[in-house]
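The block underneath contains the structure these notes are about, expressed in structure tokens.
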Amino acid sequence: MSVKVYNTLTRSKEEFAPLTPGHVRIYVCGVTVYDLSHVGHARSTMVFDVIQRYFRFKGYRVTFVRNFTDVDDRIIRRANAEGVPASELSERYIQAFREDMASIGVAPADVEPKATLHIPEMVALIERLVAKGFAYTVDGDVYFEIRRFPAYGRLSGKNLDELLAGARVEVDERKRDPRDFALWKSSKPGEPDWPSPWGPGRPGWHIECSAMATKYLGESFDIHGGGEDLIFPHHECEIAQSEADTGRTFARYWLHNGMVTFRAEKMSKSLGNVLTIRAFVKRHDADAFRLFVLGTHYRHPVDFAEERVRDSARALERLTRLVHDARALGSGTSGALPEALGGVRARFEAAMDDDFNTPQALGVLFDLARALAEDRDRGATDARARERFVAGVSELVTLGQVLGLFQRAPDPGGMPGAVLRLVEERRQARARRDWTRADQLRDEIQRLGWSVEDTPSGPRVTRKSE
RNA sequence: GGCGGCGUAGCCAAGUGGCCAAGGCGGAGGUCUGCAAAACCUCUAUUCAGCGGUUCGAAUCCGCUCGCCGCCUCCA
């Protein structure tokens, strides 16, 4: 079965077929590194992480590029405010981004290019656009001339006249058309700059993605992704720059994720309603966040709420218990998947093939989980149920990992000796039916931040969440 | 104002023309258990914002109304 993707360009679901059979090339707009990333960035990055994982699962070779935009007004402003070079500031937040993404189980991209390391490519592209008559120079600035590219507005569905009527475009008399956008900006005092044929300056916002995508994926490639807030102007401008230059289709499928909102408003720096990934991870489990994010289709908005993440954590607990229980039974199985599980993968793939319908795919996993729990409980007396259980959990883990779940190794212990001793003492107390002492010990263990549950196979000790 | 989208059970969320409207959380009852917790089982929307239309048949298509959001300005 082939994958269907919703293409913003055509506003419809299309059958996905890569330009090169068997090889998917994806470019996703990363972040502008001027501050810590928040859960909105996390969602976007995670969504494309899952898409990328799914293509690999389907057997495609994937080249996945996610850039860092490390030259920008906000970076410069902040760096100047802090009195550090812009490069130092952006490098700091690139590292922070990588740490944050690792903490929520997002895999690194195959290529993670930085804009400032691709200035020559950008300059060359701008030169070609000038030479071809798509761009013009004014006082050391270079602008893209929108009228020369009739398809401008197609991606975002903008009518060019209405764009003008909107009139929130800055008025700059030097531009031939107020809607023209900057490819190159001449440097001002206190700004980093690079040499160019038009004098020292820095690249405009959109040009870096055109240059880097082409460098790593070719003039024409398969998927370009990003948040839906990038559709206009960013992606619109990328298309104009790249296609004006090459005369070829830039990206063939444009995928956009919905925003994370907070109390129904878009989470963004300017509204001041952001929660950083860092702050988030202190309070919640990474997989719970993933379940929370993937529980909504990637194109729809997600309204962030701590209590909903906690709901996801409870749901996740059901899955992880199954995984732990299966590990306790040992992993040796006959490999052959019991027939009862045959439909699970097909249903999972059908959901994911349909524009990455992760909520539906998760539904399949929970259906599986229910069947597995039944088998587990019968496993004590029923060998076939037991075998089905172990094999089924292995399938659950396999499919869960396609969604990026279950990446962490099973808890290696890490239990303080004090807790360990109390647990053992309590076990002995229970053995001699000293319930008073046992309950005292349980309270003590809880005060240390752990909880004990008694199961037929002994006490189950876990770190207390919340 | 223009463009795009959303409104499904207490909460979250799939489903977009035809079996009983997925799944999760919560809730109720039950099993298990020294207790507790967890787990497991069963139940939990005659109904899909409202109104009208198309159709043998609509949550799903069309129209209108109401409410909400995103983009049009830096933004994942």
Side-chain angles (χ1 to χ4, degrees), chain A residues 8 11 28-32 34 37-48 66 69 72-74 77 153 156-159 161-170 179 205 225-234 236 256-261 264-271 274 291-292 294-297 299-303 305 307-319 321-322 325 347 351 354 357-370 372-378 430 433-436 438-439 442-443 446 451-456 459-460 462:
Chain A
T8 305
R11 297 180 195 288
V28 173
C29 286
V31 291
T32 300
Y34 72 104
S37 298
H38 56 67
V39 297
H41 301 117
R43 180 198 190 187
S44 182
T45 312
M46 187 174 277
V47 157
F48 287 102
R66 182 175 56 226
T69 296
D72 156 273
D73 289 348
R74 291 164 296 169
R77 208 180 307 135
S156 53
K158 303 269 181 225
N159 174 308
D161 298 332
E162 281 156 2
L163 245 185
L164 195 55
R168 284 207 272 180
V169 187
E170 67 186 89
R179 299 163 298 187
W205 174 29
E228 68 181 0
D229 53 352
L230 296 181
I231 294 172
F232 189 91
H234 187 53
E236 196 71 75
H256 293 98
N257 64 276
M259 297 293 97
V260 172
T261 60
E265 273 188 320
K266 178 177 167 184
M267 185 177 284
S268 74
K269 282 280 156 50
S270 39
L271 289 172
V274 299
L291 218 52
F292 170 73
L294 300 181
T296 299
H297 186 91
R299 283 194 279 120
H300 294 171
V302 172
D303 195 46
E307 67 185 86
R308 283 181 211 142
V309 178
R310 276 195 291 273
D311 289 349
S312 297
R314 292 199 187 96
L316 174 72
E317 180 64 11
R318 277 178 51 206
L319 302 183
R321 266 178 202 274
L322 289 169
D325 292 346
R347 287 208 294 142
D354 185 13
N357 193 332
T358 53
Q360 204 160 72
L362 286 171
V364 174
L365 260 37
F366 278 100
D367 283 342
L368 172 61
R370 199 180 322 111
L372 290 176
E374 218 176 323
D375 281 335
R376 174 194 54 199
D377 294 348
R378 272 193 307 203
R430 291 188 75 235
R433 308 182 71 81
D434 182 353
W435 310 127
T436 316
D439 290 349
R442 179 163 58 202
D443 289 346
Q446 273 172 359
S451 60
V452 202
E453 295 162 20
D454 299 309
T455 74
R460 181 174 191 276
T462 48

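Letters A, B, ... are given to chains in the order of the sequence lines, protein chains preceding strands, and every chain is numbered from 1.
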Rounded to the nearest Å, what distance is computed from the CG atom of residue Asp72(A) to the C1' atom of nucleotide U73(B)?
14 Å
Asn357(A) vs G15(B): side-chain N/O to OP1/OP2 distance below 4.0 Å:
yes
Proximity to the side chain of Ser44(A) - top-ranked nucleotide from C40(B), A76(B), C74(B):
A76(B)
Extract the stems that RNA chain B is part of, considering only consecutive pairing runs of at least three Watson-Crick or G-U wobble pairs, both distances under 3.5 Å.
B:1-7 with B:66-72, B:10-12 with B:23-25, B:26-31 with B:39-44, B:49-53 with B:61-65
Between A58(B) and C51(B), how far apart are the two C1' atoms, rounded to whole Å?
15 Å
Nearest non-hydrogen partners of Gly40(A) and His38(A), listed with the distance
N-ND1, 2.9 Å
Pick base, sugar-phosphate or nothing for Val364(A), based on heavy-atom distances below 4.0 Å to the nucleic acid.
nothing
I'd like the P distance from U31(B) over to U47(B), given in whole Å.
33 Å
Expressed as a whole number of angstroms, how long is the span from Leu362(A):CG to G23(B):P?
13 Å
Pairs under 3.5 angstrom, nitrogen or oxygen only, protein versus nucleotides 26-33 of chain B, please.
none

Sidechain-backbone polar pair: Asp354(A) side chain, Asn357(A) backbone, donor-acceptor under 3.5 Å
no
Between A37(B) and G27(B), how many Å separate the two P atoms, rounded to a whole number?
12 Å
P gap between G18(B) and C61(B), integer Å:
11 Å
Atom pair distance, as rounded to whole Å: NZ in Lys158(A) and C1' in G2(B)
8 Å
Given the C1' atoms of A14(B) and A45(B), what is the spacing between them in whole Å?
15 Å
Please give, in whole Å, the distance from A14(B) P to Leu365(A) CG?
16 Å
State whether Arg43(A) places a side-chain N or O below 4.0 Å from either non-bridging phosphate oxygen (OP1 or OP2) of A76(B).
no
A76(B) phosphate, OP1 or OP2, under 4.0 Å from Lys269(A) side-chain N/O:
no
Counting heavy atoms from C-beta on, name the nucleotide in A76(B), A39(B), A38(B) closest to the side chain of Val260(A).
A76(B)
Which of the following nucleotides, C12(B), G15(B), C41(B), is nearest to the side chain of Gln360(A)?
G15(B)
Here the distance between atom C1' of G1(B) and atom CG of Asn159(A), to the nearest Å, is 13 Å
Nearest-angstrom distance from the residue atom CG of Asp303(A) to C1' of G7(B):
14 Å
Short question: side chain of Asn257(A), backbone of Arg299(A) - any donor-acceptor pair under 3.5 Å?
no
Between G70(B), A76(B), A38(B), which nucleotide gets closest to the side-chain atoms of Glu453(A)?
A38(B)
From the list A22(B), G24(B), A76(B), which nucleotide is the closest neighbour of the side chain of Cys29(A)?
A76(B)
Which of G34(B), G70(B), C71(B) is nearest the side chain of Phe232(A)? It is C71(B)
Distance check: side-chain N/O of His234(A) vs OP1/OP2 of C71(B), anything under 4.0 Å?
no
I'd like to know if the side chain of Glu228(A) and the backbone of Gly258(A) have a donor-acceptor N/O pair within less than 3.5 Å.
no
Apply side chain to side chain donor-acceptor pair (under 3.5 Å) to Glu317(A) and list each qualifying residue two or more places apart in sequence or on a separate chain.
Arg321(A)
Whole-Å distance separating the CE atom of Met259(A) from the P atom of C68(B):
21 Å
From C74(B), C41(B), A76(B), nucleotide with atom closest to Arg74(A) side chain
C74(B)
CG-CG distance between Asp377(A) and Leu372(A), expressed to the nearest 0.5 angstrom:
11.0 Å
Side chain to side chain, Phe366(A) and Arg318(A), heavy atoms closer than 4.5 Å:
yes
The criterion is side chain to side chain contact (heavy atoms under 4.5 Å, CB included); which residues satisfy it with Val260(A), sequence neighbours excluded?
Val39(A), Arg43(A), Met267(A), Phe304(A)
Every protein N/O lying under 3.5 Å from an N/O of nucleotides 48-50 of chain B:
none

Does Thr32(A) have a side-chain nitrogen or oxygen under 4.0 Å from the phosphate oxygens OP1 or OP2 of A76(B)?
yes
Judged by each residue's nearest nucleotide on RNA chain B, which is more toward the 5′ side, Phe292(A) or Ser156(A)?
Ser156(A)
Checking Phe48(A) now: which residues fulfil ring-ring contact (aromatic ring centres under 6.0 Å, His included) with it, not counting sequence neighbours?
none
Residues in side chain to side chain donor-acceptor pair (under 3.5 Å) with Arg308(A), at least two apart?
none
Using nucleotides 42-44 of chain B, report all nitrogen or oxygen pairs with the protein that are shorter than 3.5 Å.
none

For Asp72(A), enumerate each residue passing the side chain to side chain contact (heavy atoms under 4.5 Å, CB included) test, keeping only those at least two apart in sequence or located in another chain.
Thr32(A), Arg74(A), Ile75(A)
Which nucleotide in the set A39(B), C71(B), A13(B) lies at the smallest distance from any side-chain heavy atom of Asp377(A)?
A39(B)
Hits for ring-ring contact (aromatic ring centres under 6.0 Å, His included) against His297(A), two or more places apart or cross-chain, chain-then-number order -> His300(A)
Across the strands shown, which category fits Asp367(A) at heavy-atom distances under 4.0 angstrom: base, sugar-phosphate, nothing?
sugar-phosphate
Looking for any heavy atom pair under 4.0 Å, which part of the strands does Ile231(A) touch: base, sugar-phosphate only, or nothing?
nothing
Residues forming a side chain to side chain contact (heavy atoms under 4.5 Å, CB included) with Glu374(A), sequence neighbours excluded
none
Rounded off to whole Å, could you give me the CH2-to-P distance for the Trp435(A) and A37(B) pair?
16 Å
What nucleotide, of A76(B), C72(B), G70(B), holds the atom closest to the side chain of Asn257(A)?
A76(B)
Between C20(B) and U44(B), how far apart are the P atoms? Round to whole Å, please.
15 Å
Mind checking side chain to side chain contact (heavy atoms under 4.5 Å, CB included) for Asp439(A) and listing every partner two or more places apart, or none if nothing turns up?
Arg442(A)
With a non-hydrogen cut-off below 4.0 angstrom, is Gly225(A) in contact with a base, only sugar-phosphate, or nothing?
nothing
Measure from the side chain of Met267(A), starting at C-beta and using heavy atoms only, and say which of A76(B), C71(B), G34(B) lies closest.
A76(B)
Using the C1' atom as the reference point in each nucleotide, state the distance between G7(B) and A59(B) in Å, no decimals.
12 Å
For Gly40(A) and Arg318(A), take the nucleotide of RNA chain B holding the closest heavy atom to each; which residue's nucleotide lies nearer the 5' end?
Arg318(A)
I'd like the C1' distance from A22(B) over to G1(B), given in whole Å.
40 Å
